[in-house]
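Structure first, commentary second.
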Amino acid sequence: MDRSSPPPGSPHGSPFESPNPHRLYRNPQQGVLGGVCAGIADYFGVKPLAVRLAVGVGLCFFAFPLMIGYGIAMLALPVRPQQLYRNPEEEAFWRTVSTKPDRSLAGLTQRFRDFEKRIAGCEAFVASKEFELNRAIRNLDR
């Protein structure tokens, strides 16, 4: 992804680009060396210390490949934008979409079913004789 490209979901982006801002970024504000471990921790929703410990243990066994991978990640990963999510509710939603898509789909399905029931109730009331009677009474008062 080009660093000068518009952010995901913007009107100037590709129509095939996902509006999901939950991506892997470097997080230099919370990072020690380039923010790679902090970015990975943020992406998976764990503490940065756990990722740093895993990298430390990995350095004992795979020092050269891990250092090359870390360097490539520092160069390839974009820096995390300041305002990635509008509010904590949006962040929680996009994290569950990324980590548990079936759960978020079930939640959205339930929301739409509830919405459909409310709309059906409104339609039933507007199509009822009671609605027409209330309107006729209201028109008499004018």
Side-chain angles (χ1 to χ4, degrees), residues 1-62 65-142:
M1 181 169 131
D2 183 26
R3 292 175 195 231
S4 65
S5 66
S10 71
H12 304 292
S14 167
F16 302 107
E17 204 170 289
S18 171
N20 185 351
H22 185 70
R23 291 184 169 46
L24 184 58
Y25 294 106
R26 283 187 307 121
N27 194 348
Q29 290 81 18
Q30 294 181 350
V32 175
L33 182 62
V36 174
C37 290
I40 291 170
D42 186 44
Y43 182 76
F44 288 108
V46 296
K47 296 188 185 256
L49 181 63
V51 177
R52 290 183 187 120
L53 287 174
V55 168
V57 170
L59 277 172
C60 295
F61 299 105
F62 310 105
L66 194 59
M67 286 190 293
I68 290 176
Y70 197 91
I72 290 172
M74 276 181 49
L75 296 173
L77 291 177
V79 176
R80 184 180 195 268
Q82 292 293 329
Q83 291 295 331
L84 190 58
Y85 304 103
R86 283 178 251 160
N87 53 37
E89 183 180 292
E90 181 184 22
E91 180 177 1
F93 171 76
W94 285 117
R95 282 189 184 275
T96 54
V97 166
S98 295
T99 57
K100 301 171 187 146
D102 54 336
R103 182 178 291 175
S104 58
L105 178 63
L108 286 173
T109 302
Q110 185 60 41
R111 278 182 155 176
F112 280 115
R113 281 187 189 138
D114 293 344
F115 182 68
E116 188 176 11
K117 285 179 187 176
R118 288 180 23 212
I119 294 293
C122 290
E123 288 175 346
F125 177 70
V126 169
S128 71
K129 297 290 183 185
E130 179 183 351
F131 179 78
E132 291 177 22
L133 181 63
N134 286 341
R135 187 178 349 164
I137 292 172
R138 207 171 350 146
N139 288 341
L140 286 176
D141 291 340
R142 289 184 189 173

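FYI, the numbering just counts along the sequence from 1. Values below: every heavy atom of this structure, side chains too, minus hydrogens, waters and symmetry copies.
- A side chain to side chain contact (heavy atoms under 4.5 Å, CB included) with E130 is found for one member of L133, V126, N134 and no other, namely N134.
- In terms of modelled atom types and a separation under 3.5 Å, the side chain of R26 and the main chain of L77 share a donor-acceptor contact.
- C37 and R52 get closest at one heavy-atom pair: CB-CG, 3.8 Å.
- Annotation: side chain of P28 is in contact with side chain of V79 (closest heavy-atom distance under 4.5 Å).
- By the 4.5 Å heavy-atom criterion applied to side chains, V57 and L53 are not counted as neighbours.
- Residue F62 qualifies as open at atom CZ: its count of foreign heavy atoms under 6.0 Å is 12 or below.
- For the pair Y70 (side chain) and V55 (backbone), a donor-acceptor distance under 3.5 Å is absent.
- The CG atom of D42 sits 11.0 Å away from the CZ atom of F44 when rounded to the nearest 0.5 Å.
- For the pair V51 and Y43, the minimum side-chain heavy-atom distance is 4.5 Å or more.
- Across every non-hydrogen atom of F131 and F125, the tightest pair is CB-O, 3.0 Å.
- Once rounded to the nearest 0.5 Å, the distance linking CG of D114 with OG1 of T109 reads 11.0 Å.
- When all heavy atoms are compared, the tightest approach of P48 to A38 is CB-CA, 4.4 Å.
- Within the model, atoms CZ of R113 and CD of E116 stand 9.0 Å from one another, a figure rounded to the nearest 0.5 Å.
- Listed here is the closest heavy atom pair of V36 and A73: CG1-CB, 3.9 Å.
- Within 6.0 Å of CD on E89 lie no more than 12 heavy atoms contributed by other residues, nucleotides or ligands.
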